[in-house]
Amino acid sequence: MEAWGSGLCLNCDELLLVSKRLDDRYIESGTEALFRAHADFVARFVVRLGVAANDVDDVVQEVFLVAHHQPPFDSRRGARSTTYLGAIAMRAASSYRRRQSRIARRETPLDEPRCVADPSMDPARAVELSDNLRALQSALDRLDEESRGIFILFELEGESCRAIAEAFQLPIGTVYSRLHTARARIRKHLRGVSKRSGIAALARAGITA
Amino acid sequence: MTGEPIRLADDVAESKSLRRILDEARNSSPLHYDIEAGLGRHKALVASKAGSPSWSSEPARITRDATFGKLGKLVAVGVAVGAGGVVVALTLVDPRSAPDQDALPASRSAVTDVEPPTPAQARGSIASDRSDSGDADASPAERSDPVPVTPPIQREHRRVSPDGKTPRKATANQPKPPLAADDAVKREIAQMALARALLSQSPARALSQLRATSREFPRGFLTEEREALVALALWELGRTNEAIELGRAFLAKYPGSSFARRVREITKP
């Protein structure tokens, strides 16, 4: 088989050989372990940053391509692999949003429930959980990019402020400040939602805002 | 604030409803991500050497500003030269990629020069369905696996050939160098390998991958296999009528294909 008159002829065995070489080159890069360990985290993070479900894989791929092309991750300065990937994911999500705004479409509406329900869960509880997560996502969607990322990493992913500061290359005081602002806005928004909707399920459970 | 703050979900001073919502969010995932499928795609992208992302990471804002600076200079040159700007735009196109750019407007070709080695290639199938959105954020400086490209300043000197004619046709008729074809072959192989792997796990994604490959390599040398796999993927998705129609067309086109047996199975009444 000859390709484009370039003199490149490949039979099946050669094709397999090329594939194997490509695979070897990839394995040497050592990104596989990083991908296996943290792809789920990155996917979760970018969804919370507002990436539509249909585009999550694209953004995840971008994040790991950047990680692949960068020098090996160095944890000596205090950042963790998750915050390191989180910082890359922030920029990927930002780039994604700019592209989305250019083509002026959004495939997943904001009010779409963003929760993978456990099939064994009580339906009423599943609805309540979905409502709560939607309210939180709505609050997150109103934050600026950096505060949102910091809030998600600290409050939902359990990262430390120091690791976030290292990964985002911010002074730790700035991280505290952004977190404080984000918290205030989230509180205010959720309080407003709670007042407007009454959050029936929470009320039934005797929990007050 | 001097020490690590207490997380809201763990802070008893916060309202119960807020703590509960955050706790639920911590313990639930907004989606299920198929790591194996994602890893397969990642491997294919990396292996294809098209793995340069559409933007870089270090440090993103500075490089982007630098990109716009370069772009701005190009635009300024184009405006200053006036009508000659079109010539500049045409000659800025790398001769190696000229055959591929023929169908594009001249202005688009100039932008392509400051982008990574074509966004569709760089992102493989990632942005295949959004290729029209453009990725002007990227710059050659951000490429971690650079293709040897003539610097723009040198190319400006070639704006007009000695006989006063633009070199447009000369560059357009140049055949692809073997290296570019080799890279394209590897990329196509990698993309087809991914589609093949996805076929049994996720026919929908396999179909999407095949369509992306089809757009990138409309006359690729794995076209035969691609067409067979499209028919099989449609069959797996339950789109039997389309699958049968495509299958029959495939058998008519490639009666002696090594994929004919598999395709024939789905076209059986």
Side-chain angles (χ1 to χ4, degrees), chain A residues 1 3-8 15 18-19 22-23 25-26 29 31-32 35-36 39-40 43-44 47-48 53 56-58 60-62 64-66 68-70 88 91 95 99 102-103 114-116 129 132-133 135-136 154-156 160-161 169 176 179-180 183 187 190 194 199 202 207-209, chain B residues 1 4-5 7-9 14-18 20-22 24-26 28-33 35 37-39 41-43 45-48 51-60 123-124 126-127 130 132-135 137 144-145 175-178 181-182 184-186 189-190 193 205 221:
Chain A
M1 190 181 307
W4 300 307
S6 63
L8 176 66
L15 284 177
V18 169
S19 299
L22 295 171
D23 204 39
R25 191 169 61 192
Y26 171 77
S29 75
T31 321
E32 184 172 350
F35 195 100
R36 282 189 192 284
D40 198 39
R44 209 165 53 229
V47 166
R48 285 173 174 153
V56 166
D57 189 39
D58 290 354
V60 170
Q61 296 293 342
E62 287 214 32
F64 283 95
L65 279 178
V66 172
H68 177 77
H69 288 290
Q70 280 193 340
I88 299 173
R91 292 192 283 270
S95 171
R99 287 197 300 267
R102 278 204 291 271
I103 56 178
R114 299 185 194 200
C115 166
V116 179
L129 176 63
N132 288 347
L133 294 182
L136 177 62
F154 182 79
E155 297 289 356
L156 306 182
S160 69
C161 285
Q169 297 181 5
Y176 288 149
L179 182 61
H180 179 77
R183 282 175 160 190
R187 273 194 208 101
L190 290 180
S194 174
I199 306 186
L202 290 177
I207 297 169
T208 55
Chain B
M1 215 183 292
E4 191 81 358
R7 288 182 175 74
L8 293 180
E14 292 294 333
S15 70
K16 282 184 182 175
S17 60
L18 177 64
R20 181 171 176 171
I21 290 173
L22 291 173
E24 285 170 346
R26 278 202 305 198
S28 62
S29 178
L31 87 167
H32 171 71
Y33 185 75
I35 291 178
L39 184 59
R41 192 175 173 197
H42 177 67
K43 279 183 179 183
L45 284 169
V46 171
S48 69
S52 302
S54 62
W55 52 278
S56 186
S57 54
E58 192 56 31
R123 287 166 40 79
I126 285 181
R130 294 195 302 269
D132 55 338
S133 64
D135 279 333
D137 299 327
S144 53
D145 193 6
K176 277 189 176 182
D182 190 22
V185 170
K186 286 175 184 172
I189 291 169
R205 290 187 58 196
F221 77 102

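Naming convention: chains lettered A, B, ... in sequence-line order (proteins, then strands); numbering from 1 in each chain. Values in this document were obtained by computation on a predicted structure and should not be read as measured data.
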Distance check, rounded to the nearest 0.5 Å: [X] atom [atom1] versus [Y] atom [atom2]?
X: A:Leu129; Y: B:Arg20; atom1: CG; atom2: CZ; answer: 9.0 Å
X: A:Asp40; Y: B:Ile35; atom1: CG; atom2: CD1; answer: 5.0 Å
X: B:Arg41; Y: A:Asp58; atom1: CZ; atom2: CG; answer: 4.5 Å
X: A:Leu190; Y: B:Leu22; atom1: CG; atom2: CG; answer: 7.5 Å

Could you pull out the closest heavy-atom pair between [X] and [Y], with the gap in Å?
X: B:Leu39; Y: A:Phe35; answer: N-CE2, 3.3 Å
X: B:Leu18; Y: A:Arg187; answer: CD2-CG, 3.7 Å
X: B:Ser28; Y: A:Leu133; answer: OG-CD1, 3.4 Å
X: B:Glu4; Y: A:Tyr176; answer: N-OH, 3.8 Å
X: A:Asn132; Y: B:Glu24; answer: ND2-OE1, 2.9 Å

Side chain to side chain donor-acceptor pair (under 3.5 Å) filter on A:Glu155, not counting sequence neighbours, yields A:Arg183

Please state whether the side chain, the backbone, both or neither of B:Ala25 comes within less than 4.5 Å of a heavy atom of chain A. both

Sequence neighbours excluded, the answer for ring-ring contact (aromatic ring centres under 6.0 Å, His included) partners of A:Phe154 is none

